[in-house]
Structure formats: C-alpha cells, structure tokens
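Before any comments, here is the structure.
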Amino acid sequence: MTRIQGLTDQEAEARRAQGMGNDVELKTSRTYGEIIRRNVFNFVHTVLFITGGVFILMGRWTDAFNSAGLILLNVAIGVVQEIRAKRKLDEIALLTRPKITLVRDGAECEVDPAEIVQGDVVVVRPGDQLVVDGPLLDGTVEMDESLLTGESNAIKKTVGDELLSGSFCLTGTARYEAAKVGAESFANQITESAREYKVEKTPLQRQVDYVIRLLSLLAMFFLLLLFLAS
C-alpha cells in the first residue's frame, strides 16, 4: 500500500468544529407533546367533549362524567401505546458501535465512530462494519452489502469504488476516505427512514373511520334535539 498520512489531530478538531463530524442524533418525527396532542384533540374526542358540555348544561352530570371518562380512558390507552412505539423506534440502531481504525498523522489509531470527521482515512479489515461512506484509496476488498441491498453475494471493491456504511468487509485490507459522515451517510439515512413515524391506514380502517364520523354527526344531531326538547 502507498503511504497515506491522513489528517492531523488539529485538522480533525477544526473540521469537527465546522460541523463535519460523524456525531449525529436521529429522532423520530414526533415529540411526546405531539403524541399527547394528537390523542386528545381529534374528531371523535371533540364530539365527546361537546356532548359532555351539553350534558352539563342539561344538568345530567352522570352522563357528562361517562362521556369524559370515555375520553380519558381512550386518551390514556392511545398515549401509552404510541409512547411505547416511539421508544422502540428511538432504540432502532442499524449500526453497532465498534472501535474504528483511522490513519492520523501517518499512524493508525482506534477511535469511536463519533470521532470520525470528513476527510479522515479509515482502515478496513475482514469483519469490520463500515460507519461512513467514501471512495476506496488503496487495496482491494470484498464487501457484504446484504444489510443495505438484500444481495447476499460478495461485492468486490477496487480503488475508486464507493464503500457504503452498513456494509461488512469479508476479505482484504484497504483504506478509504470518509467522504459522507453523520446524517449524510447511507446507513444513517436508512436509520432515519426506519425511525420515521407514519400512519398508514388500510381501506377497511378508512371505511370504519367514515362510519364513525357519520355516526358521531348523527349523535350530535339527536343530542341537539334532546337539548332543545329539555
């Protein structure tokens, strides 16, 4: 292999100060406040709140309490379930946290993945899992990219080829440049996509929602008639 100096510690610190480090914090798309707000303020709960208010105006406190109790029970169940789902999503990690071998000041050193900065020279050996993306500088390796592409065959990489974070080195020893770090790396983009909270309703769920809205409107109509009659 050709001799590669890599970055100096001072250059690495300067790049980290410029936001070119590999430390990144990925979160799910919703906060706890948004989860609570979504469960409290929706169409069905709004109807029940109005119903409870009308019952109070009519002096029917028991019915008002039943309506409010139904809301609180539904909110509690929904909030607990979604907070548990959020915590599970936050725990998703497609990458382990091994020690990474870099070339700094012409010598190899082991660092935490968060200490990598853009432009660092990373050493790859059999069994290593890549944590940043970049072009191969020297050497030849065979990579397992099944975690990323689903393809189980080993992929041979030579000088100039792109190495992707999340892949494993099967054979060979090489060095490559950390060109994409942090949120720009392929593995972190996959992780962010996996953690994103999405609600996809089935056709049956959409039909049920439509029926519930229709029945809620009918209930509001009859409640109005009951209030006027009282």
Side-chain angles (χ1 to χ4, degrees), residues 1-30 89-198:
M1 293 185 180
T2 58
R3 181 170 178 79
I4 298 177
Q5 286 293 117
L7 299 177
T8 65
D9 290 335
Q10 291 77 16
E11 289 173 335
E13 287 298 328
R15 296 192 181 196
R16 185 175 292 105
Q18 296 172 8
M20 301 168 68
N22 191 47
D23 49 334
V24 60
E25 183 179 0
L26 296 174
K27 299 179 179 179
T28 52
S29 58
R30 298 196 306 164
L89 290 173
D90 287 338
E91 292 172 359
I92 290 178
L94 300 183
L95 295 178
T96 57
R97 299 292 291 182
K99 290 293 184 180
I100 305 301
T101 303
L102 300 181
V103 178
R104 290 266 179 92
D105 290 318
E108 293 187 2
C109 61
E110 288 191 347
V111 301
D112 186 88
E115 297 182 29
I116 301 175
V117 298
Q118 190 172 14
D120 261 327
V121 176
V122 185
V123 180
V124 183
R125 295 187 174 93
D128 289 348
Q129 184 182 30
L130 276 57
V131 296
V132 293
D133 307 346
L136 193 62
L137 299 177
D138 62 8
T140 302
V141 291
E142 288 188 334
M143 304 300 299
D144 178 2
E145 298 181 348
S146 58
L147 182 64
L148 309 176
T149 64
E151 177 58 51
S152 59
N153 294 331
I155 308 297
K156 185 177 181 179
K157 301 286 185 177
T158 57
V159 175
D161 290 340
E162 187 81 4
L163 299 184
L164 297 177
S165 52
S167 59
F168 287 89
C169 178
L170 298 177
T171 62
T173 301
R175 291 176 291 188
Y176 77 104
E177 180 185 356
K180 294 181 180 179
V181 300
E184 295 182 355
S185 68
F186 192 79
N188 278 334
Q189 290 178 3
I190 292 178
T191 304
E192 183 177 14
S193 176
R195 289 184 176 190
E196 185 177 354
Y197 183 91
K198 294 181 180 179

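Side chains are part of it too, since the values below use all heavy atoms of this structure and drop only hydrogens, waters and symmetry mates.
The shortest side-chain heavy-atom distance between Cys169 and Met143 falls under the 4.5 Å cut-off. At least one side-chain heavy atom of Phe186 sits less than 4.5 Å from a side-chain heavy atom of Leu148. The shortest side-chain heavy-atom distance between Val111 and Cys109 falls under the 4.5 Å cut-off. In this structure, Leu136 and Arg175 have side chains that are not in contact, with every pair of non-hydrogen atoms separated by 4.5 Å or more. Proximity of Val131 to Ile100: side-chain heavy atoms (C-beta onward) are separated by under 4.5 Å at one or more points.
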For residues 113-124, please give each side-chain donor-acceptor pair under 3.5 Å, one per line with the distance, not counting sequence neighbours.
{"unit_1": "Gln118", "atom_1": "NE2", "unit_2": "Ala179", "atom_2": "O", "d": "3.0"}
{"unit_1": "Asp120", "atom_1": "OD1", "unit_2": "Arg104", "atom_2": "NE", "d": "2.8"}
{"unit_1": "Asp120", "atom_1": "OD2", "unit_2": "Arg104", "atom_2": "NH2", "d": "2.8"}
{"unit_1": "Asp120", "atom_1": "OD2", "unit_2": "Val117", "atom_2": "N", "d": "3.0"}

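Applying the side-chain hydrogen bond (donor to acceptor under 3.5 Å, both in side chains) criterion to Asp144, with sequence neighbours excluded, gives Ser146. Not counting sequence neighbours, the partners of Glu151 by the side-chain hydrogen bond (donor to acceptor under 3.5 Å, both in side chains) test are Asn153. By the side chain to side chain contact (heavy atoms under 4.5 Å, CB included) test, Gln5 is found to be paired with Arg3, residues two or more places apart in sequence or in another chain being considered. Looking at residues two or more places apart in sequence or on another chain, you find a salt bridge (Lys or Arg N to Asp or Glu O under 4.0 Å) between Glu145 and Lys157. Legend: residues meeting side-chain hydrogen bond (donor to acceptor under 3.5 Å, both in side chains) with Asp9, ordered by chain and number and at least two apart, are absent. Contacts of Glu108 classified as salt bridge (Lys or Arg N to Asp or Glu O under 4.0 Å), with partners at least two apart in sequence or in another chain: Arg125. For Ala154, the side chain to side chain contact (heavy atoms under 4.5 Å, CB included) criterion is met by Glu142, Leu170, not counting sequence neighbours. For Thr101, there are no side-chain hydrogen bond (donor to acceptor under 3.5 Å, both in side chains) partners at least two apart in sequence or on another chain. For Glu184, the side chain to side chain contact (heavy atoms under 4.5 Å, CB included) partners at least two apart in sequence or on another chain are Lys180.
A donor-acceptor pair under 3.5 Å is formed between the side chain of Glu11 and the backbone N or O of Thr8.
Contact detail for Thr140 and Lys156: the closest heavy-atom pair is CG2-CE, 3.5 Å.
A distance of 10.0 Å separates OG in Ser167 from CD1 in Ile155, rounded to the nearest 0.5 Å.
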Stepwise side-chain hydrogen bond (donor to acceptor under 3.5 Å, both in side chains) test for Asp133 and Ser165: CA-CA 5 Å; Asp133 307 346; Ser165 52; 2.7 Å; yes

Give the C-alpha distance, both sets of side-chain angles, the deciding distance and a yes or no for side chain to side chain contact (heavy atoms under 4.5 Å, CB included) between Asp138 and Ile4. CA-CA 10 Å; Asp138 62 8; Ile4 298 177; 3.8 Å; yes

Are Leu130 and Tyr176 close enough, and set up right, to give a side chain to side chain contact (heavy atoms under 4.5 Å, CB included), and what steps lead you there? CA-CA 10 Å; Leu130 276 57; Tyr176 77 104; 3.5 Å; yes

